[in-house]
Enquirer: 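Sharing a structure, written as structure tokens. Questions coming.
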2 protein chains.
Amino acid sequence: MIDCKNCLPRHYGLFCALKEQELDILNQYKITQTYRKGDFIFREGENPKGLYCTFSGVVKVFKTTESGKEQILLLSQGSEMVGYRSFFSNEKYHASAQAVSETTLCFIKKEGVQKVFKTSPELSFVFLKKVCEELRQSEEKFTDLVDKTVEQRLAQFLKMIVGNVNCNNQLPLSREEIASIIGARPETVIRVFSDWKKQGFIATKAKSITILNPQFLEQ
Amino acid sequence: MIDCKNCLPRHYGLFCALKEQELDILNQYKITQTYRKGDFIFREGENPKGLYCTFSGVVKVFKTTESGKEQILLLSQGSEMVGYRSFFSNEKYHASAQAVSETTLCFIKKEGVQKVFKTSPELSFVFLKKVCEELRQSEEKFTDLVDKTVEQRLAQFLKMIVGNVNCNNQLPLSREEIASIIGARPETVIRVFSDWKKQGFIATKAKSITILNPQFLEQ
DNA sequence: CGAGCCATTGAGTTGATTCAAATCCCGTGG
DNA sequence: CCACGGGATTTGAATCAACTCAATGGCTCG
């Protein structure tokens, strides 16, 4: 069981401004859970019963499209809140969350969340701001999908990943997952990789991509 | 100048639950403005100075892509809040808002918004919920773009429009704007229309589309 | 060490785009 | 009221990025 007061990643997340007594509430209402690769945190259609907050590991949030493909909506790691969208909008989950690597996270029961929000109402502003930012990102993803090629989107994704996911060039993602994130098919992604390999920009082994020349990502 | 207390569309929007005294604050801090077709409400890059709330007319929110095309992010009408995303996330506008038809809306100054939120803190929950819903919609738009054909997206858009925009089959939108909304090119949209015309589903004249057989939208 | 999954490559198809030309429609001014 | 000009719409033809399907090769894990 992790103590919120000693939770290092917390300081980079939405709960960074909480005071001692509010952390006590969280501690009281939370459960720390560990998931193995492939385990589901929640599934499309279920009712949110609380908030999830990642501690370590990587989680993918995805939905199943009408045509039966898996569309990844976001990757989450390091004190990101997961599943808060449906929680706050009082809907069933519209997407599933699954551990991509071994993941430890905390589940905060609904009553706990409500208590903390009651204690510090300014917290809802923090969340409002956060969701607004995510909305912008989502709109940008849409625009990119219309406007950019698979190659451009892939470069963009790698650039983002290099900075954010603690991966030492070891993405725990399959080609299929990468493709899904940027809205493409695996074969197309592979062809771009293959191109970049020929030009000496990257080296690949299954499940690992080494960026040899980071400059190529700029442009 | 519209009085919030008599504002009919208000009851369908985010401010529907406000009490007398809160409406007084809004009234005190708001300006009612009328825009002609083509007028800008705000532009990409500007700093939000308050909230806009549409009263009548249709507004399009769009951004200019790197390749110089206009990407429409949303249509807004009838007591929708516009421009709140950047307002709450404390960013400059990432998109512009422009009147598509003659539009009347209210501008509520920042201080007014802050006051109302202070008076009724539960309002930030209302907004939080709303933004969460928009986020889901945005994610669905993304998924649709990956998963559906232009024809499907266009049908979906028409279905949505029929219910929402008070248009009596007179969309005040050019083919180019329709295309932008669904993430396609005008020629492609036109070809789909042309197809549907041949099959007797719709009739078109410039700037007007008449749906002859609503059933075809279902499937 | 083999089974099975994942990654890679190849070949063919297609939905959508681009560019250009033709036509339509609408408001304006004579 | 009608002719005119210019923007929007429509059609055509060619091209292309990305997709599909199928076959092969390579890792990985039991």
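To find a chain, count down the sequence lines: A is the first, B the second, and so on, and within it residues start at 1. Below, each value reflects all heavy atoms present in this structure, side chains not excepted, and no hydrogens, waters or symmetry copies.
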Enquirer: Please determine whether a side-chain nitrogen of the Lys or Arg among B:E44 and B:K92 lies less than 4.0 Å from a carboxylate oxygen of the Asp or Glu.
Expert: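 So B:E44 does not pair with B:K92 through a salt bridge.
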Enquirer: Any idea which of D:dC19, C:dT18, D:dT20 is nearest the A:A184 side chain?
Expert: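 For the A:A184 side chain, the nearest candidate turns out to be D:dC19.
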Enquirer: Taking atom types as they are modelled, would you say the side chain of B:R191 forms a donor-acceptor pair with the base of D:dG12 within the 3.5 Å cutoff?
Expert: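 Yes, the side chain and the base share a sub-3.5 Å donor-acceptor pair.
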Enquirer: Tell me the interatomic distance from A:L154, atom CG, to D:dA17, atom C1', rounded to whole angstroms.
Expert: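 Checked: the CG to C1' distance equals 15 Å.
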Enquirer: Scan B:T188 against the nucleic acid and name what it touches under 4.0 Å (heavy atoms): base, sugar-phosphate only, or nothing.
Expert: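 Counting heavy atoms under 4.0 Å across all strands, the contact made by B:T188 includes a base.
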Enquirer: Check this one for me: any side-chain N or O of B:K205 less than 4.0 Å away from OP1 or OP2 of D:dA8?
Expert: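 No, outside the criterion.
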Enquirer: Rounded to whole angstroms, how far apart are CD on A:E187 and P on C:dC6?
Expert: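 Between P of C:dC6 and CD of A:E187: 14 Å.
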Enquirer: Under 4.0 Å from OP1 or OP2 of C:dT8: is there any side-chain N or O of A:R175 that close?
Expert: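 Looking at the OP1 and OP2 atoms of C:dT8, one of them is under 4.0 Å from a side-chain N or O of A:R175.
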Enquirer: Whole Å only: how far is the CD1 atom of A:I190 from the P atom of D:dC27?
Expert: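 Checked: the CD1 to P distance equals 14 Å.
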Enquirer: Heavy-atom distance under 4.5 Å between the side chains of A:S138 and A:E134, does that happen here?
Expert: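 No; the side chains remain at least 4.5 Å from each other.
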Enquirer: D:dT10 P sits how many Å from B:F193 CZ, rounded?
Expert: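 To the nearest whole Å, that distance equals 8 Å.
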Enquirer: Does OP1 or OP2 of C:dC24 have a side-chain N or O of B:T204 closer than 4.0 Å?
Expert: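 No, because none of the side-chain N or O atoms of B:T204 sits under 4.0 Å from OP1 or OP2 of C:dC24.
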Enquirer: Does A:K130 pair with A:E80 as a salt bridge, N-O distance under 4.0 Å?
Expert: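 Yes, charged N to carboxylate O under 4.0 Å.
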Enquirer: Please work out which of the three classes, parallel, tilted or perpendicular, describes the rings of A:F127 and A:Y84, given edges at 30° and 60°.
Expert: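 Perpendicular.
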Enquirer: Find the distance B:K148:NZ to C:dT14:C1' and express it as a whole number of Å.
Expert: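 These atoms are roughly 20 Å apart.
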Enquirer: Could you state the CG-P distance from A:D147 to D:dA17, rounded to the nearest angstrom?
Expert: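 My rounded result for the distance is 15 Å.
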Enquirer: Separation of A:E176 atom CD from D:dC21 atom P, in whole Å?
Expert: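 Taking CD of A:E176 and P of D:dC21, I get 14 Å after rounding.
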Enquirer: Separation of B:I178 atom CD1 from D:dA8 atom C1', in whole Å?
Expert: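 In whole Å, D:dA8 C1' lies 12 Å from B:I178 CD1.
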Enquirer: Mark yes or no for whether B:R10, through its side chain, and B:F15, through its backbone, hold a donor-acceptor pair below 3.5 Å.
Expert: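 Pair found, side chain donor or acceptor close to backbone of B:F15.
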Enquirer: Distance check: side-chain N/O of B:R185 vs OP1/OP2 of C:dT18, anything under 4.0 Å?
Expert: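 Answer is yes, contact under 4.0 Å.
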